[in-house]
Asker: 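One structure, as structure tokens, below. Some questions next.
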Amino acid sequence: MPKNSKVTQSEQSHEPVTESVADLLANEEPLDYKSSSLNVGAAAAAAAAGKKVPQIQAPENDGRPAWNSKLQYILAQVGFSVGLGNVWRFPYLCQKNGGGAYLVPYFILLLIIGIPLFFLELAVGQKIRRGSIGVWNYVCPRLGGIGMSSLMVCGFVGLYYNVIIGWSIFYFFQSFQYPLPWSECPIRRNGTNAIVEPECEKSSATTYFWYRQTLNTTSTIAESGGLNVKMTLSLLVAWIIVCLAVIKGIASSGKVMYFSSLFPYVVLFCFMVRGLMLKGSVDGIAHMFTPKLEKMLEPQVWREAATQVFFALGLGFGGVIAFSSYNKIDNNCHFDAVLVSFINFFTSILATLVVFAVLGFKANIMNEKCVSENGEKILGYLNSNVLSHDLIPPHVNLSHLTTSDYAEVYSVIKTVKEDGFAQLGLEPCILEDELNKAVQGTGLAFIAFTEAMTHFPASPFWSVMFFFMLINLGLGSMIGTMTGITTPVLDAYKVQKELFTVCCCIVAFLCGLLFVQRSGNYFVTMFDDYSAGLPLTVVVILENLSVAWIYGTKR
């Protein structure tokens with residue numbers, strides 16, 4: 001190193017060192033924090049004395065890559081924030097927390113928490129033009145740990161999130177069959193006899209396909225069971241796709257975003273139109289948006305709404321900061337924050353309409369099946385004289401039993417046979433009970449939704465479209481997550497972008513083998529529950545404290 005370099009001078013001198021890590025990395029002049037505009041007290045004193053307060057200016061012509069267009073940037077932010085959580089987490093929370101009443105606290109918290117925090121990350125990334133580590137180093141050298149925390153959370157989330165993309169890839173290729181492989185229970189041959197798989201018959205064809213034929217899951221997390229070869233290959237394909245998408249930085253990921261961000265909306269609109277044409281879809285939507293206003297008084301509803309706002313916008317991951325760091329310094333990030341936030345909210349509402357239109361259809365199918373099976377039981381009891389024919393109203397036809405007729409018959413039998421009714425094994429078959437069965441996460445995508453699609457005309461086509469949509473939703477979020485990992489490191493160290501990206505994906509794939517064991521589903525659930533919630537909350541709180549107390553709210 002030359003003897004007249006800044007680092008050498010600092011080492012040889014006994015004067016206090018004032019350079020920050022970001023100054024050294026960016027090869028910029030040392031920043032005097034005492035006279036800097038970051039020092040609120042110094043800024044106020046300088047202003048009172050009539051002096052010009054120096055402003056931190058990140059060089060715009062620093063050779064940093066830039067987005068080809070504003071549309072490409074907006075699509076990247078939308079692709080990162082709109083993910084699988086909009087499709088399978090928001091509808092579940094909406095159903096669980098009072099239907100339409102849940103939208104009120106969610107919208108209020110989006111305005112007072114979501115948009116301001118989102119704007120904060122957009123602004124610091126765009127102004128300082130660094131990744132998450134470099135941004136907080138620039139504000140104060142002691143705050144670099146905030147960016148490091150974001151990077152670590154991105155790493156943990158990326159490991160299991162790409163496994164879900166791998167599952168979607170597997171189902172995508174399985175969808176090119178008619179009938180769909182999860183539409184019927186497998187038949188077991190026992191000599192000349194053919195019987196339905198007993199485990200499948202007790203649950204359902206889609207549940208059996210998911211847990212036994214796809215994951216082949218073990219009974220406990222302690223039992224590894226070895227690698228699941230099908231899921232391992234699917235995970236490998238998923239990481240290859242992600243690697244190709246981010247290998248050139250925003251030069252490659254920006255182009256991918258044109259498709260991965262827009263295609264899910266095409267599929268959602270197609271599903272919405274198709275869903276509204278299904279029998280019972282209106283029941284599902286009406287059930288979804290019928291407000292239970294008393295729920296709004298429960299603190300848990302507001303807490304879960306705040307958490308969903310927090311995760312929906314991708315706050316604290318570093319991806320928002322990384323994407324905005326490739327913007328022009330004078331870009332209108334106020335407008336961007338509001339636009340992306342409302343697109344995210346609109347997407348959640350659209351996905352909720354689609355999900356509950358389809359689940360309303362499924363609930364009607366299951367309710368009709370329940371009525372048919374219990375009607376056959378009643379007919380058997382009549383033929384064996386367990387029940388008297390006098391209990392059946394004259395207008396009821398047990399061969400073509402409607403839901404309302406069955407409810408009437410069920411009520412009469414329950415009243416007359418009060419003592420021995422439990423032994424008859426009759427079920428009430430109430431549509432509301434089917435609609436109240438809340439499902440979220442993998443249960444919604446890989447069990448409930450897939451089961452509903454088996455009843456669609458041209459079911460393979462809709463299945464292909466659905467899982468291709470999930471792949472694109474996941475890919476958009478993974479691009480943002482990987483950018484949140486690579487950008488801070490590439491800003492700090494002069495390493496070859498392509499080589500570093502490939503190495504990251506290889507290491508992530510090897511670590512991801514934990515999730516494609518036969519017990520891998522347990523680890524996915526565990527990481528989903530614990531790897532991001534509390535850490536991201538701490539990161540965002542520290543970001544706010546850094547801006548409010550160190551940088552200064554008056555600035």
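When a residue number appears, it is its place in the shown sequence, counting from 1. Values below: all heavy atoms of this structure, side chains included; hydrogens, waters and symmetry mates excluded.
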Asker: Would you check, one step at a time, whether the test side-chain hydrogen bond (donor to acceptor under 3.5 Å, both in side chains) holds for S175 with S463?
Answerer: CA-CA 6 Å; S175 299; S463 183; 2.6 Å; yes
Asker: Can any side-chain N or O of T450 pair as donor or acceptor with the backbone N or O of I447 at less than 3.5 Å?
Answerer: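 A pair under 3.5 Å: yes.
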Asker: Taking NZ in K230 as the centre, count heavy atoms belonging to other residues, nucleotides or ligands within less than 6.0 Å. Is the count above 12?
Answerer: yes
Asker: Would you please say whether a donor-acceptor pair under 3.5 Å links the side chains of T454 and S183?
Answerer: no
Asker: Does a side-chain N-to-carboxylate-O contact under 4.0 Å join R129 and D491?
Answerer: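 No, no charged N to carboxylate O under 4.0 Å.
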Asker: Check the pair S203 / E199 against side-chain hydrogen bond (donor to acceptor under 3.5 Å, both in side chains), numbers first and verdict last.
Answerer: CA-CA 7 Å; S203 55; E199 186 180 0; over 6 Å; no
Asker: Does some side-chain heavy atom of L84 sit less than 4.5 Å from a side-chain heavy atom of Y161?
Answerer: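 Sidechains of L84 and Y161: in contact.
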Asker: Could you check if a side-chain atom of F509 sits within less than 4.5 angstrom of a side-chain atom of T232, using non-hydrogen atoms only?
Answerer: yes
Asker: Around M272, counting heavy atoms of other residues, nucleotides and ligands shown, do more than 12 lie under 6.0 Å from its CE?
Answerer: yes
Asker: Do K70 and N331 touch side chain to side chain, with heavy atoms closer than 4.5 Å?
Answerer: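 Yes, at least one pair of side-chain atoms sits under 4.5 Å.
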Asker: Please report the interatomic distance OH(Y326) to OG1(T487), rounded to the nearest 0.5 Å.
Answerer: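 So the OH of Y326 and the OG1 of T487 are separated by 3.0 Å.
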Asker: Could you check whether the rings of F449 and F466 sit parallel, tilted or perpendicular, using 30° and 60° as the cut-offs?
Answerer: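 Judged by the thresholds at 30° and 60°, the geometry between F449 and F466 is parallel.
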Asker: Counting distance only, does the side-chain N/O of N344 pair as donor-acceptor with the main-chain N or O of S81 below 3.5 Å?
Answerer: yes
Asker: Give a yes or no on whether the backbone of N216 and the side-chain of R518 come within a donor-acceptor separation of less than 3.5 Å.
Answerer: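 Looks like yes, one N/O pair under 3.5 Å.
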Asker: Within the side chain of N327, is there an N or O that forms a donor-acceptor pair under 3.5 Å with the backbone of A66?
Answerer: no
Asker: By salt bridge (Lys or Arg N to Asp or Glu O under 4.0 Å), which residues pair with R188, not counting sequence neighbours?
Answerer: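 R188 satisfies salt bridge (Lys or Arg N to Asp or Glu O under 4.0 Å) with E197 once adjacent residues are dropped.
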Asker: How are the rings of Y106 and F90 set to each other: parallel, tilted or perpendicular (split at 30° and 60°)?
Answerer: perpendicular
Asker: Sequence neighbours excluded, which residues qualify as salt bridge (Lys or Arg N to Asp or Glu O under 4.0 Å) partners of E184?
Answerer: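 Partners of E184 under the salt bridge (Lys or Arg N to Asp or Glu O under 4.0 Å) test: none.
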Asker: Looking only at atom types and distance, does a side-chain atom of N544 sit under 3.5 Å from a main-chain N or O of V540, one as donor and one as acceptor?
Answerer: yes
Asker: Nearest 0.5 Å, please: how far is CH2 in W210 from OG1 in T217?
Answerer: 9.5 Å
Asker: Which heavy atom of T218 sits nearest to which heavy atom of Y522, and what is that distance?
Answerer: O-OH, 2.5 Å
Asker: Ring-plane angle category for W182 and F467, please: parallel below 30°, perpendicular beyond 60°, tilted otherwise.
Answerer: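 Judged by the thresholds at 30° and 60°, the geometry between W182 and F467 is perpendicular.
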Asker: Show the numbers, then the answer: is there a side-chain contact (heavy atoms from CB on, under 4.5 Å) between Q300 and K96?
Answerer: CA-CA 11 Å; Q300 181 183 355; K96 176 186 174 185; 3.7 Å; yes
Asker: Let me know which of F461, F176, Y171, F263 forms a ring pair (Phe, Tyr, Trp, His ring centres under 6.0 Å) with F468.
Answerer: F263
Asker: Determine whether the side chains of Y265 and T347 contain a donor N or O and an acceptor N or O closer than 3.5 Å.
Answerer: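 Side-chain D/A pair, Y265 to T347: present.
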Asker: Please verify the inter-ring angle class for F515 with F523; under 30° counts as parallel, over 60° as perpendicular, anything in between as tilted.
Answerer: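 F515 vs F523 ring planes: perpendicular.
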Asker: Examine distances only and state if a side-chain atom of N97 and a backbone atom of V301 form a donor-acceptor pair shorter than 3.5 Å.
Answerer: no
Asker: Quick check: does any side chain N or O of S149 sit under 3.5 Å from a backbone N or O of G145, one acting as donor and the other as acceptor?
Answerer: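 At least one qualifying donor-acceptor pair exists.
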Asker: Given the rule in the side-chain contact (heavy atoms from CB on, under 4.5 Å) test, do I115 and F342 qualify, once you have shown the distances and angles that lead to the verdict?
Answerer: CA-CA 9 Å; I115 295 177; F342 277 100; 3.9 Å; yes
Asker: Is the shortest side-chain heavy-atom distance between V320 and L122 below 4.5 Å?
Answerer: yes
Asker: Within the distance-only criterion (no hydrogens, no angle test), does the side chain of S261 pair as donor or acceptor with the backbone N or O of V78 below 3.5 angstrom?
Answerer: no
Asker: Take I479 and V256 through the side-chain contact (heavy atoms from CB on, under 4.5 Å) test and state the conclusion after the steps.
Answerer: CA-CA 9 Å; I479 288 174; V256 174; 3.9 Å; yes
Asker: What are the two closest heavy atoms between V153 and P535, and how far apart are they?
Answerer: CG2-CB, 3.7 Å
Asker: Is S531 close to V157 at the side-chain level, that is, under 4.5 Å between some pair of heavy atoms?
Answerer: yes
Asker: According to salt bridge (Lys or Arg N to Asp or Glu O under 4.0 Å), who are the partners of R142, at least two apart in sequence or on a separate chain?
Answerer: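 None.
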Asker: Tell me whether R274 forms a cation-pi arrangement with F456, defined as NZ or CZ under 6.0 Å from the six-membered ring centre and within 45 degrees of its axis.
Answerer: yes
Asker: Indicate whether any N or O donor in one side chain lies under 3.5 Å from an N or O acceptor in the other, for E304 and Q308.
Answerer: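 The criterion, which ignores hydrogens and geometry beyond distance, is not satisfied for Q308 and E304.
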Asker: Is atom CZ of F259 surrounded by more than 12 heavy atoms (other residues, nucleotides or ligands) closer than 6.0 Å?
Answerer: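 Count over threshold, so yes.
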Asker: Just so I know, are the side chains of V538 and I541 near enough to count as touching, which here means a heavy-atom distance under 4.5 Å?
Answerer: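 Side-chain contact under 4.5 Å: no.
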Asker: Output yes when a side-chain donor or acceptor of S324 lies under 3.5 Å from a complementary backbone atom of I321, and no otherwise.
Answerer: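 Indeed, once roles are kept as given, a pair shorter than 3.5 Å links the two residues.
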Asker: Tell me, yes or no, whether the heavy-atom count around K369 atom NZ, taken from other residues, nucleotides or ligands under 6.0 Å, exceeds 12.
Answerer: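 Incorrect, the count does not exceed 12.
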Asker: CG/L313 to CG/L110 distance, rounded to the nearest 0.5 angstrom?
Answerer: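 One finds 6.5 Å between CG of L313 and CG of L110.
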Asker: In this structure, are over 12 heavy atoms from other groups packed under 6.0 Å from F156 atom CZ?
Answerer: no
Asker: For the side chain of Q72 and the backbone of S69, is there at least one donor-acceptor N/O pair under 3.5 Å apart?
Answerer: no
Asker: What verdict does the side-chain contact (heavy atoms from CB on, under 4.5 Å) test give for T486 and V246, after you've listed the backbone C-alpha separation in whole Å, the side-chain angles of each residue and the deciding distance to 0.1 Å?
Answerer: CA-CA 9 Å; T486 58; V246 299; 5.9 Å; no
Asker: Determine whether the side chains of S348 and N86 contain a donor N or O and an acceptor N or O closer than 3.5 Å.
Answerer: yes
Asker: Using only heavy-atom distances, determine whether the side chains of E451 and T206 contain a donor-acceptor pair under 3.5 Å.
Answerer: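 Side chains of E451 and T206: pair found under 3.5 Å.
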Asker: Can you tell me which residue pairs pass the disulfide (SG to SG under 2.5 Å) test with a partner in residues 200-273, sequence neighbours excluded?
Answerer: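 Matches after skipping sequence neighbours: C185-C200.
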Asker: Mind checking what makes side chain to side chain donor-acceptor pair (under 3.5 Å) contact with Q77, not counting sequence neighbours?
Answerer: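 Partners of Q77 under the side chain to side chain donor-acceptor pair (under 3.5 Å) test: Y73.
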Asker: Got a sec, which residues hit salt bridge (Lys or Arg N to Asp or Glu O under 4.0 Å) with K255, two or more places apart in sequence or on another chain?
Answerer: none
Asker: What's the separation between atom OH in Y92 and atom SG in C94, rounded to the nearest 0.5 Å?
Answerer: 12.5 Å
Asker: When rounded to the nearest 0.5 angstrom, what distance separates OG in S234 from CG in N162?
Answerer: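 Reported to 0.5 Å precision, the distance equals 11.0 Å.
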Asker: Side chains of F209 and F446, heavy atoms from C-beta outward: is any pair under 4.5 Å?
Answerer: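 No, side chains not in contact.
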Asker: Please say whether more than 12 non-hydrogen atoms of neighbouring residues, nucleotides or ligands are located less than 6.0 Å from CZ in F173.
Answerer: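 Atom CZ in F173 is not crowded, with 12 or fewer foreign heavy atoms closer than 6.0 Å.
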Asker: Show the numbers, then the answer: is there a side-chain hydrogen bond (donor to acceptor under 3.5 Å, both in side chains) between Q517 and S224?
Answerer: CA-CA 6 Å; Q517 304 174 93; S224 167; 2.5 Å; yes
Asker: So M231 and T214, do their side chains get closer than 4.5 Å, heavy atoms only?
Answerer: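 With C-beta onward as the side chain, the pair touches.
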